[in-house]
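Structure first, then comments.
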Amino acid sequence: MRLHAGGYLTFYLPQRKSPMELHLAQPILLIAILQKYRIPKSEVQLVSVNGTQVDLETALVVDRDEVQIVSGVDGG
């Protein structure tokens, strides 16, 4: 899975690197991945999987997915 984090959400990723490659052995809820990296769901405004907007709480992702998370507010 490739995780693209927009705006300041890269702060939570290892080495603050986006996109980040994750290898998933089985489908997993996207919210579980965000919890693993301690990305607060309250800071995520928009989530898409393979270009389609999804609900963060129920989105199931697999190894081949392209995921984008975007914060509601970015610097200025």
Can you hop from Leu46 to Val49 via hydrophobic side chains spaced under 4.5 Å?
no
Count the heavy atoms of every other residue, nucleotide or ligand shown that sit under 6.0 Å from CD of Gln15, and state whether that count exceeds 12.
no
Any Tyr37 side-chain heavy atom under 4.5 Å of Leu9 side chain:
no
Show, in sequence, the C-alpha distance, side-chain angles and deciding distance for Ile28 and Val62, and conclude whether the side-chain contact (heavy atoms from CB on, under 4.5 Å) test is met.
CA-CA 7 Å; Ile28 187 171; Val62 297; over 6 Å; no
Nearest 0.5 angstrom please: Ile31 CD1 to Glu57 CD, how far?
4.5 Å
Does Ser48 use its side chain to pair, donor to acceptor, with the backbone of Gln53 at less than 3.5 Å?
no
Any side-chain heavy atom of Val47 sitting closer than 4.5 Å to one from Asp55?
no
Is any side-chain heavy atom of Pro19 less than 4.5 Å from a side-chain heavy atom of His4?
yes
What distance separates Tyr12 OH from Ser71 OG, expressed to the nearest 0.5 Å?
9.5 Å
Could you tell me if the side chain of Ile69 sits less than 4.5 Å from the side chain of Ile39, heavy atoms only?
yes
Polar side-chain atom of Asn50 near backbone of Glu66 as donor-acceptor pair, under 3.5 Å
yes
Given side-chain contact (heavy atoms from CB on, under 4.5 Å), test Leu30 with Leu60 step by step and report yes or no.
CA-CA 6 Å; Leu30 181 56; Leu60 195 62; over 6 Å; no
Rounded to the nearest 0.5 Å, what separation is found between the CG atom of Leu24 and the CE atom of Met1?
6.0 Å
Out of curiosity, Leu13 CG to Met20 CE, how far, rounded to the nearest 0.5 Å?
5.0 Å
Non-hydrogen atoms of Ser18 and Thr10 that approach each other most closely:
CB-CG2, 3.5 Å
Does the side-chain contact (heavy atoms from CB on, under 4.5 Å) test come out yes or no for Gln45 and Val70, once each step is laid out?
CA-CA 6 Å; Gln45 182 68 36; Val70 181; 5.6 Å; no
In this structure, CZ of Phe11 is separated from CD of Glu43 (nearest 0.5 Å) by 9.5 Å
Decide side-chain contact (heavy atoms from CB on, under 4.5 Å) for Gln35 and Ile33; before the verdict, give the C-alpha distance in whole Å, the side-chain angles of both, and the deciding distance to 0.1 Å.
CA-CA 5 Å; Gln35 290 169 343; Ile33 294 171; over 6 Å; no
